[in-house]
Structures are given as C-alpha cells and as structure tokens.
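Following: one structure in structure tokens, then a few remarks.
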Amino acid sequence: MKGFSKVVFLGGLVFILGLFSCKTEKGDTVQGATGEKRNLAIDLGDTGIKIQPTMYGIFYEDINFAADGGLYAELIKNRSFEFPDPKMGWEEPNSVKYSLNKESGFSKITDYVEPKGGNKRFSHTVVQNDARYELFNTGFRGIGLKKDASYHLSIMLANATGVKKLKIALVDTVGTVLASSEIIPDNKDWKTYERVLVPNTIEEKAKLKITFEGNGSIDMDMLSLFPKDTWKGRRNGLRKDLVELLEGLNPGFLRFPGGCIVEGKTLDQRYQWHNTVGPVMERELLINRWNNEFAHKSAPDYYQTFGLGFFEYFQLAEDLGAQPVPILGCGMACQFNSGELVPLENLGPFVQEALDLIEFANGNVSTPWGKLRGEMGHPEAFNMKYLGIGNEQWGPEYFERYKIFAKIIGEKHPEIILVSTPGPFPDGDMFDYGWEQMRELNVALADEHYYKPPEWFLENANRYDSYDRNGPKVFAGEYAAHPNEVEDGTLENNWRAALSEAAFMTGLERNADLVHMTSYAPLMAHAEGWQWAPDLIWFNNLDSYGTVNYQVQKLYSNNAGTDLLKITEEGKALIGQDGLYASAVKDADTGELIIKIINTESHPQQLKLVTNNGTLDKTGAMFSLQSSDLQAVNSFEFPNMVSPKESTLTVITDMVEVAVEPYSVNVLKIKIL
Ligand code: AHR
C-alpha cells in the first residue's frame, strides 16, 4: 500500500471528469480534469451485517486537564484547600494563614458543623491592624472570563471575629478590576454566600481577588466560581463549548474515566468511583496520575476534585444519547508503574465496587446506591449495558482477576456486557496471549489500543479482515496516529495523521461484523496544560476547537449508517490500491447510500461508481475534507482550516462519476429509491 508518496501537489484544484458535474461551496458549477477512470462497484444488496449504534464513540480521560480546568467548568483551582500544599493555586501577598482543621488546635471552635467527608480543610485567615489582607486565586493557568457574561461565585464562611467585610473582585493581569462585589459575614456557623459577577471585558488570565477588611479572623471554604452559561445551565456544570464539540460527534458511547487514570500508579491512587458521587463538597481529592507521569511534562498542580464524577459522566452520556461505558480497576495498579496487585483472596471489595456501580447506574431507588442516584436528581436508571474490567492490563495476573469479576458479575448481572483487554499494544506476545485468554474466557468485547505512526494506519487498514469471527468482538478503544514530528502538541494533530486515520477507519467499517466500538484517544487537551499529544479537541481558558482528526471522526460518526454494503474494485476491497481506501453503508432510517472514499495520494482519483441491486436518486451530496498540505492543522486562530465542503453529485442511471481530490476524505450520500 502506498500513501503520502508525493508530498507536493498543485493544490486547490477541483477535479471532475466526464459526465460528473460538481457544485463548489459557492454554488458555481466547474468542470474537472480528465484521466484514467477507476471503476468501483457498490452492491446495494443486503450483506446481513449491521453497523452497531456504538460503532463511533468517545474515549474520555482526565488527562491534559480535561476535567478540572477543562470540561468541568469550575474556575477556581484548589477551591477547598485540599491539595497536599493547601496554598497551591492561591497567592497571598501578605500573611494569610491556612490551617488543617483536624490538626490546627481549633479547640476553641466547638459550635459549628465542620465540612464533611472528603472536605477536610478550610482556610483560617488572620487580619491584623486593619491591614486589608489580600488573597488571590490564579485559576487553571488563569481564569477565562467573557465580557458581560454572568459568573456565579459562592463561598462558605464561618467564625468571623473582627473581620467585617470581604471584597471580592475579578482582576486582570495588572490588577484592573473587571467585576466586583462584597460580602458581610453575618453567621458564626458555616454559611454559603452567593454573588453574581459580570466582567466588563474579556480576559483569558484573570484572577479572583479577596480583600479582607477588619481586625480579627475568618474561616473560608469551597470558594467556587462557575460561568452561569454552563452546558444545560447546570450549577455544578460542564463547559458548554466543550460539550457542544462532543455533541457534534454524535457519539454512540461515552467511555470514562480512562485510560490509565482508572488503574492508579499505586492501588491507593486508583480511581474509586464511589468517592466521586454524592455531595460535591464531600468528594475526596485524589492526585491525578498525569501530575508527575512525564518528567518533561510535569503538572504539579494536577489533582482530581471529582466535581465531575460518575453521576455527571452518566448524565453526560445520557445528554449525548450515548451508551455509558465505565471502565473500572481490577485490583491491579498500572503495570507501567508499581504494578501492585491485590491478592486474589482479597479481591472481594473490588468486585463489590463493580456490583455497586451496576446498582448505582441501574438499580431501583429502593436499593442503597439507586437511592443515592435518586437523591442526586436521577431516579430513573441510566440503563448501563457495558462495563470494562481493567484498562491496559496484561499477563496471567490480569486474567486470573478478570475471571473472578466475570464469574460474579455474570451470575448476578448476566445482562451486563463486559469489556476485557489484550494489553496496551496492538501486537506481540503479550497481545497474542491476551487474545488467547479472551477467546478461552468467551469475552464479549476486547479493548485494543494503538498509538502508531500514520504509515502504520495506512498499512493496517486490512487489520481486521482476517480476524477470527468466532471470538470476542473488537472495541478499538484507544487509537490515534502519532506523527511525532514536533514539540508543539497542537501541531501533532496534522492532516497527515488525520488522513491516515480516515483510511484506517474504512477497515473498521468494512469489518463491522467484528468491530463494534471505536474511539480516538485522548479526547481533550488544555493548550497550556497538556501531557499527551495528539488529542482530538484543544482548548484554552476561553476557546476550543476540533482538530482535523476531530473533523474525520465527526464525518464518520454522523454518517455511520445501519447496514454494511460491499464496495470493490475488480472484485477486491479498497485497502490502499494507488492510495484509495473505501467503505460503504446504507442508512435504513434515512434511506441513503453512504460511501466513504479516502485518497491518500498526491494526485486526484477519477472514479466511476456503479451500483447494482437497487435504484438511486438523480442527485446526491458529497462532503469532503481536503488539504494539499499534509502538515495542515486546525487551530484557535483558524479552527476551520480543514472542515467539510459540500458539493452536489449527479447520478445517471445508478452511476456516478466523481473526481476525488488529492489527500482527501470524502463522504458521498445518495438516496436509494
Ligand atoms: O490515552 C492516553 C493513555 O494511553 C491512556 O490513559 C492509556 O490507556 C493509554 O496508554
């Protein structure tokens, strides 16, 4: 298979040939080049193979500040002083004191209720001689504010003795006040005070400033600032622009919360879902494993508050119309780190975590976990069908543990479809052993991961053509083409990578009888806080954009279809012959034929598409992603540098002639009459 062999192209031309006419985006009809035609045959007859509604989904992991500082719309970092360094995220130009309430000898304070659960600390601020002490929160690499937008501020205060007033302000980098308000503490016990702040200008790097007036002390906790305009206007909500990008993907499933984050570097640091539900304030902080995973990308301020926890993930999946696919640890810490193991005889509580989760998601409100879900505002079940056991585990230690989970869950909840894994790599001894085991154990879904160069994706478009059809179905749960060309992570999401993924995806689709779920990974990255690139979506404190890879995923997932069709050239599937890759489906709901054609060559391809076993409408539409520059990227400045262009197709007696541009991804849609 060839691809990217000729990097230079006389870019920007629109090609057509023969009978085909194409309307450009602006609507003017153009005539294209002539050349040797390739004949592609599409059989509209039933193959009996369904495209699963879960075919194209989302892999979500809290990596690259994807949750706190990202999707979770909280703007204050370390809002309740729970970070190991309680002052992290806070600046105190003069002497504000923080104390750990359990250790600080607050024996005098006996008549108020302490914040509960995971919320172990608050700040104790001493103001002397009316010195107007100031405290700043610096947000997540600044606080992003939009002009005239409303921001909900809330603060818990207690024990104001002598401190008369708190002046709250949002300030820019030189201290100019953009919005302000005041709070006069009027209660000895903990009380939540709320204000709405409306900045008079846009600012990407604002700070929250608190000025204390008086002479005495005051305790503070849970200082929180959320935009009012969150996704669906929820108070503990998600960033709207980011969820809208997810919504654009029309995902069949949402996998969460990872990724390696599930496993923890040590067992102590593993993700425990039950610590992420219930009152937000009581959810216990955990270090994010990406905090110190990569020395060259260290993020010492990366912690998980779990304001975005399992309830919110289930709710998000529901909002997106996606199947929730939680992945749980299986009694093994990450094997790339400590590899700590829970002895088999002690695995009970870990299996119980899985059973509890099923109850939390699906149980009646009369059950303990179902009751909590109801109290959190969702008495109806989330109808969870899938559950992953382990992330990237490998070796006999994994399968010994998987077996125990599978047996108990299978007995109690035969309706739950379990996901297993052959490990982190797409081939090799570990992978082969994993598949052997999964076949033996009759696993339903095998979660394969591959982060490889673009060439690998082109060469592996036939990866699943020869897979055993009697074993587990495939969940291509994490994949991305890594060009590894540049230091700047955003530039890793280039057209060369996206084009190779698009080509590879024709192979996923062609094997839809076997491949039931697929997701690009990772999903999101903060441009100033990332650890891993490429990523599907980039954001900063104000803006976000879908990468060129996102555009590919979007095109596929919005044109997934329902039934696989056959598309061939000289009787063979198109898997890179002269740079051409193709797949075809029918959408029984819309009555459309949908053809995906990817041209990875630097020259146009002139195609004659002939259908049989059905009649087509006289016109159709073609949506194309194209760039003659393989290094092209979308960016904050040019978010639509590579984005779909629509043109019209003319069909003559069930035949379409079309020229596909060099380096292009094309989706053709024509009604079947
Ligand atoms: O997607 C980033 C990481 O890659 C995931 O956490 C892990 O599962 C894989 O190794």
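One-based numbering along the sequence shown. Order of appearance sets the numbers: ligands from 1, and atoms from 1 within every ligand.
Salt bridge Arg141/Glu204: absent, no basic N to carboxylate O contact under 4.0 Å. Glu528 has a carboxylate O that lies under 4.0 Å from a charged side-chain N of Lys205, or vice versa, which qualifies the two as a salt bridge. Classification of Lys265 and Glu293 as a salt-bridged pair holds, one side-chain N sitting under 4.0 Å from a carboxylate O.
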May I have the N/O to N/O pairs between ligand 1 and the protein that fall below 3.5 Å, each with atom names and distance to one decimal?
residue, atom, partner, partner atom, Å
ligand 1, 1 (O), Tyr451, OH, 2.7
ligand 1, 1 (O), Glu478, OE1, 3.4
ligand 1, 4 (O), Tyr451, OH, 3.4
ligand 1, 4 (O), Glu478, OE1, 3.1
ligand 1, 6 (O), Glu61, OE1, 2.5
ligand 1, 6 (O), Glu61, OE2, 3.2
ligand 1, 6 (O), Cys260, N, 2.8
ligand 1, 8 (O), Asn391, ND2, 2.9
ligand 1, 8 (O), Glu392, OE2, 3.4
ligand 1, 8 (O), Glu478, OE1, 3.1
ligand 1, 8 (O), Glu478, OE2, 2.6
ligand 1, 10 (O), Glu392, OE1, 2.8
ligand 1, 10 (O), Glu392, OE2, 2.9

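Under the side-chain hydrogen bond (donor to acceptor under 3.5 Å, both in side chains) criterion, the residue pairs touching residues 343-354 are Arg270-Glu353, Gln352-Asp356, with sequence neighbours excluded.
Remark: Lys407 engages Glu411 in a salt bridge (charged side-chain N to carboxylate O under 4.0 Å, His left out) (not counting sequence neighbours). For the salt bridge (charged side-chain N to carboxylate O under 4.0 Å, His left out) test, no residue two or more places apart in sequence or in another chain qualifies with Asp488.
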